[in-house]
Amino acid sequence: MKVVLRNPRRELEVPGPLSVVKLLGRLDLHRESVLVIRGDTLVPGDAMLADDDEIEIRPVISGGGVGA
Amino acid sequence: MKCTVCRGPAVIDLRRHNANFCADHLIRFCRDQVARAIADHAMVVPGDRVLVAVSGGKDSLALWDILIELGYQADGLTLGLGIGDYSDASTATAVAFARDRQLELRQVDLREDYDYDVPTAAAVTRRVPCSACGLSKRHLFDQAALEGGYDVVATGHNLDDEAAVLLGNVLHWQTEYLGRQAPVLPASPGFPRKVKPLVRLGERETAAYCVLRGIDYVVEECPMAAGNRHLRYKEALNALEAVSPGTKHAFYFGFLARAAERFEPETEEGKGALGPCDRCGAPTPVNRTVEGGDGGAASATHLCAFCRLLERVSGHEPIPVDLVRKGRVP
């Protein structure tokens with residue numbers, strides 16, 4: 001599957017099928033710090049990702065602490 | 001995984017709430033949490049005109065969307081900070097959001113309106129960029145709210161933000177700051193009321209809300225915030241949250257319920273007397289004066305922090321972002 005990562009933006013090819021939890025573990029990413037997006041919706045931790053899926057893993061931590 | 005509410009397919013699990021939600025119920029959950037924060041802390045009352053501080057990021061756009069959905073009269077204000085492509089994208093995103101929903105968005109551009117930008121201010125004053133940025137935002141949001149007749153300024157600070165600030169203030173025992181770290185700062189002469197309606201939502205929740213509502217927000221991080229202390233505190237709290245879900249909520253709301261008022265006397269002591277800034281009229285500590293004029297013994301002027309910043313940086317040749325990153329100065 002094609003996996004798009006952000007900040008900085010980069011793309012990876014990861015063989016499927018694979019669960020979201022296993023994909024994040026393989027990439028050493030914490031579940032609480034990212035969203036996994038397929039199409040226009042979110043994918044929960046126990047979902048299976050197919051080999052032909054296109055996935056975005058989007059970080060959610062942001063901020064300078066004084067901003068809007 | 002099934003939605004805790006309707007038993008339909010879930011799209012997200014929120015461990016700290018021991019709940020899973022489908023798209024519709026995650027959206028409803030976020031709105032309910034904001035409505036509860038507003039009610040619990042008397043943030044906005046019927047008839048109030050709200051000015052939302054809009055950055056183009058997930059939190060401020062989620063906040064604006066939720067306030068409108070909850071029926072509040074909320075306009076936006078976005079600041080052009082001059083942080084290169086990041087600021088251009090942020091402004092464009094905020095403008096597109098407002099245009100698509102036919103909302104009123106006010107705009108201030110630091111370079112066009114005040115002849116400086118955040119990278120230049122940080123470099124010239126040797127402040128860390130977030131400090132120069134925060135000073136500019138606080139002043140300009142206050143000023144816009146008062147001039148525009150708004151009752152309240154709403155910012156997108158979420159639970160992760162507030163818990164990280166609290167951790168920083170506790171680690172350094174900033175007791176004066178602890179006394180005023182509240183979800184509502186009441187109005188006072190020269191200052192509008194300031195509220196943080198997202199304090200019951202984590203940033204994963206506001207990001208999920210935006211994705212599920214189809215809100216296009218700026219995902220990229222501010223290039224000047226990368227690696228700052230605030231982000232390190234967030235990472236530390238997330239490490240604790242991973243092994244003990246609910247830690248951030250317990251830390252922040254436990255502080256509000258059982259500790260915040262103990263620090264209020266120190267905050268009151270630190271306030272001191274205020275008088276109007278000689279230039280813009282903003283309330284300013286009266287014991288602070290700056291020698292004015294041509295370097296002689298001319299009259300001392302009484303300027304607020306923003307006007308002092310302008311004195312130093314307005315008109316200075318722009319300094320590019322990549323020379324100022326992470327608090328480094330050229």
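Each chain gets a letter, A, B and so on, in the order its sequence line appears, and its residues count up from 1.
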Roughly how far apart are [X] [atom1] and [Y] [atom2], rounded to 0.5 Å?
X: B/R16; Y: A/E32; atom1: CZ; atom2: CD; answer: 9.5 Å
X: B/K58; Y: A/L35; atom1: NZ; atom2: CG; answer: 9.5 Å
X: B/R204; Y: A/R58; atom1: CZ; atom2: CZ; answer: 13.5 Å
X: B/C22; Y: A/L42; atom1: SG; atom2: CG; answer: 11.5 Å

(message) Tell me the closest heavy-atom pair linking A/P44 and B/M1, and the distance in Å.
(response) CB-SD, 3.7 Å
(message) How close do A/N7 and B/E220 get, counting heavy atoms only, and between which atoms?
(response)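 The pair with the smallest heavy-atom distance is OD1-CA, 3.2 Å.
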(message) Which atoms of A/V34 are under 4.5 Å from chain B, going by heavy atoms: the side chain, the backbone, both sets, or neither?
(response)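 For A/V34, the backbone is the part near chain B, not the side chain.
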(message) Quick check on A/R9 against chain B: is it the side chain, the backbone, both or neither that has a heavy atom closer than 4.5 Å?
(response) neither
(request) Would you indicate whether the side-chain heavy atoms of B/V211 and A/I37 approach each other to under 4.5 Å? (result) yes
(message) Within the structure provided, determine whether B/E205 and A/V60 are in side-chain contact (heavy-atom separation under 4.5 Å).
(response) no
Proximal component of [X], with respect to chain A [non-hydrogen, under 4.5 Å]:
X: B/D13; answer: side chain
X: B/A10; answer: backbone
X: B/A164; answer: neither
X: B/F21; answer: neither

(request) Check whether more than 12 heavy atoms from other residues, nucleotides or ligands sit under 6.0 Å from atom CZ of B/F251, and answer yes or no. (result) yes
(request) Take atom CZ of A/R6 as the centre, draw a 6.0 Å sphere, and report whether it contains more than 12 heavy atoms from other residues, nucleotides or ligands. (result) yes
(request) For side-chain contact (heavy atoms from CB on, under 4.5 Å), just list the numbers for A/I61 and B/L231, CA-CA rounded to whole Å, side-chain angles, deciding distance to a tenth of an Å, and then say yes or no. (result) CA-CA 8 Å; A/I61 298 179; B/L231 288 172; 3.8 Å; yes
